[in-house]
Amino acid sequence: MTKIAAVATAVVAVALPTLPAAADTAPDERPDIPVGTWLAARTQPAVQLTSFTYTGTVAVPTSTINETAFNGLTQQAVEAVQAGKISSDERSIAKWLFQRIAADVDTYLTETTPERTVEAEVGGLCTGWWVTPDGYMVTGAHCVQVGETELSRLFAQQALAKFNEQDAKEIISGLQGIEADEEILKLAQQIYVTFNTGHMKIRNLQQSLSVLQSLPGGGVDKTAKATPAELVSVGESYPGKDFALLKVNGQQNLPTVPLGDDADVRTGDTLYISGFPGLVTNTPFFSLESKLEPALTEGPYNAKRTTQTGVPYIQTQAPSYHGNSGGPVFSKDGKVIGMLIAGTVSEGGEASESESFVLPVSIVKEKLGEKNVKPAQAITTTRYNEALNDYFRNYFEDALPKFREVQALFPNHPYVAKYISDTQAAISAGKDESPRPVLMWVLIGAGALLVLVLAVVLVKLLGRRRRRAAATPPPYGSIPPPPWQQHQLPANQAHVSPPVQPYGYNGGSYGYQHGQAGQPYLGDQTRDVRYGQFSPPHQDGRPS
């Protein structure tokens, strides 16, 4: 049995190195893939496109020229021509007049009737992220409301373009003999942009907030719709504590992202920003599906800043754009360490390269605590993260049931259906590398050992049977005559005993009983035994 065990151990030792690795003891540890790939996959389901909308009736009075003021301006133009300050052609004179009117519109234009009205809608797109499975979302304060001055500018930009163009054409038509080229038209329109914006009134103003979610079975595609959100709390826009909390009712098992601590990152660490850049969401060239997928950017933590009112901000070189506002900012470990709020812009209003400012997560926690909202993670997120780690390790058979569990818990999940399809395809293609449970390999090894032991035992039993069959004496009645009867010894060799290998030892004597015909029965007679040899009896039957 010792030899059998040794052979079995050798066989198992040869076989085990070819088995798959044991199951991962740290399922949430990042697989051997880039940090950005891992972060994007884990966090994207919780990062949502948000929108705020203002609707209202925009009212603008009709304007008319103040004849007295305009005649005085005309006299100034004549004097300027005579002094050689402007050219004497009508086009040059018209440009000079329009520039003076635009600089002081209320002096040269007055309100009159009728009042003109138009229904208008303005708003913006930002980024938000779920912090609880039942529908609490974090975003920026400036993503849910705007100041009065900014609101007027947005409505004027959206609603007054048609009125401005009409009014500009009318004032140009009053100047006889002047051709309305592009430069003259722009100068005239600027007059009414200024006047109409300043005299505009907004009535029946209403605000709405929404989150773009997908419908069951769709994922992030054409079935996405705006889901109303309630404003729970709002702070002060940048450079204040630019934080807002939304609540979408009727939600459960939403994917979330975990909150970290300010101390999780420091100068030099890489930060990751997730959100919806306006350069994608506001362009007509991309599909709705691609517009609703967050973008991930990364860059180093440059410095910690503090505003004059004492609000901390993180400066980072991770690129951000209009629309990224309110988006979560992650450490390499996948925890939120802040929220993207602002970025420096050029004189033309475009985002400048690599200058972003992040509200630290400590302020987010502070504001959540004021409303007694505790960040939480549903089983949806736990299973999804485990499935992703299995997926990226090529453990496709292990990942598939977890992805299906996520889909059952949260049918609106934007990405799980695609992962299920890709996982099934990988299994069909023979790419699965899922480890077998250790117990299974123990049982398989034990089974193999048992089979090997049984085989060795069977071989030994069969070998013994063959040896016994070969050594068994012939049956009674077929015992051959002793050699001394088969060959007559010469007289001078009668007492020379040839060597014989005994097949049975019985206290130094060998006996035969039940002799057959032709074979003498010797009874209890004994023969001399000399060190394994014996002397044959005399032919007369007497012992020698």
Side-chain angles (χ1 to χ4, degrees), residues 27-30 35-50 126-140 143 211-214 220 229 243-248 251-265 269-276 292-298 314 316 318 320 324-341 358-369 371 373-389 392 406 409-410 412-416 419:
D28 201 45
E29 183 178 348
R30 178 171 63 86
V35 175
T37 302
W38 181 69
L39 275 175
R42 289 166 67 96
T43 62
Q44 281 181 342
V47 181
Q48 301 285 302
L49 185 64
T50 67
C126 276
T127 303
W129 35 288
W130 303 115
V131 289
T132 67
D134 60 348
Y136 280 101
M137 170 173 283
V138 169
T139 188
C143 291
V211 177
L212 272 67
Q213 289 184 287
S214 59
V220 176
F243 168 92
L245 181 63
L246 306 181
K247 178 65 167 67
V248 178
Q251 304 297 308
Q252 61 179 356
N253 292 326
L254 289 170
T256 58
V257 286
L259 300 188
D261 296 302
D262 290 2
D264 291 345
V265 289
D269 287 345
T270 300
L271 304 184
Y272 302 84
I273 300 175
S274 183
F276 299 89
L292 295 177
E293 181 173 343
L296 189 76
T297 60
E298 63 180 79
I314 296 170
T316 176
S320 62
N324 277 131
S325 292
V329 181
F330 298 96
S331 67
K332 64 180 177 60
D333 297 321
K335 294 184 178 181
V336 176
I337 55 85
M339 175 169 54
L340 189 280
I341 294 299
V358 176
L359 187 70
V361 71
S362 58
I363 304 298
V364 174
K365 290 181 175 179
E366 171 192 318
K367 292 297 184 180
L368 290 174
K371 293 297 178 179
V373 173
K374 298 180 180 179
Q377 179 172 290
I379 190 67
T380 311
T381 301
T382 303
R383 287 291 181 269
Y384 186 68
N385 291 344
E386 291 175 356
L388 286 174
N389 284 349
F392 287 125
V406 172
L409 290 168
F410 185 54
N412 289 11
H413 196 288
Y415 305 107
V416 71
Y419 275 114

Looking at [X] and [Y], what are the two nearest heavy atoms and their distance?
| X | Y | value |
| --- | --- | --- |
| G326 | C143 | N-SG, 4.3 Å |
| L254 | Q213 | CD2-NE2, 4.0 Å |
| P45 | P414 | CA-CG, 4.2 Å |
| F276 | E293 | CE2-C, 3.8 Å |
| T256 | A378 | OG1-N, 4.4 Å |
| T132 | P375 | CG2-CA, 4.3 Å |

Would you say Q252 has more than 12 foreign heavy atoms packed within less than 6.0 Å of its CD?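 Counting neighbours around CD of Q252, 12 or fewer heavy atoms of other residues, nucleotides or ligands fall under 6.0 Å, so no.
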Between Q44 and S274, does any side-chain donor sit less than 3.5 Å from a side-chain acceptor?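 No.
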Report yes or no: do D264 and S331 form a side-chain donor-acceptor pair below 3.5 Å?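 Note: D264 and S331 side chains miss the donor-acceptor criterion.
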Please tell me if the side chains of [X] and [Y] come closer than 4.5 Å, counting only heavy atoms from C-beta onward.
| X | Y | value |
| --- | --- | --- |
| F243 | L368 | yes |
| R30 | V35 | yes |
| V358 | T316 | yes |
| L388 | R42 | yes |
| N389 | E29 | no |

Let's go through L292 and L212 carefully: what are the C-alpha distance in whole Å and the side-chain angles of both, what is the deciding distance for side chain to side chain contact (heavy atoms under 4.5 Å, CB included) to 0.1 Å, and is it a yes or a no? CA-CA 8 Å; L292 295 177; L212 272 67; 3.6 Å; yes
Straight-line distance of [X] [atom1] to [Y] [atom2], nearest 0.5 Å:
| X | Y | atom1 | atom2 | value |
| --- | --- | --- | --- | --- |
| I379 | F410 | CD1 | CZ | 15.0 Å |
| L340 | C126 | CG | SG | 10.0 Å |
| D261 | K365 | CG | NZ | 3.5 Å |
| N253 | R383 | CG | CZ | 12.0 Å |
| K332 | L39 | NZ | CG | 10.0 Å |
| Y384 | L409 | OH | CG | 13.5 Å |

Check the angle between the aromatic planes of Y419 and F392 and answer parallel, tilted or perpendicular using the 30° and 60° thresholds.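 The arrangement is perpendicular - the two ring planes meet at more than 60°.
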Among F330, W38, Y272, exactly one meets side-chain contact (heavy atoms from CB on, under 4.5 Å) together with T43. Which residue is that?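 It is F330, the one option of F330, W38, Y272 that forms the side-chain contact (heavy atoms from CB on, under 4.5 Å) with T43.
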W130 pairs by side-chain contact (heavy atoms from CB on, under 4.5 Å) with which of V47, L246, V248?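 Exactly one option meets the side-chain contact (heavy atoms from CB on, under 4.5 Å) with W130, and it is V248.
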Could you check whether K247 pairs with D134 (Lys NZ or Arg NE/NH1/NH2 to Asp/Glu carboxylate O, under 4.0 Å)?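 Salt bridge flag = no for D134 with K247.
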Please determine whether side chain to side chain contact (heavy atoms under 4.5 Å, CB included) holds for the pair L271 and I314, giving the CA-CA distance in whole Å, both sets of side-chain angles, and the decisive distance to 0.1 Å. CA-CA 10 Å; L271 304 184; I314 296 170; 4.1 Å; yes
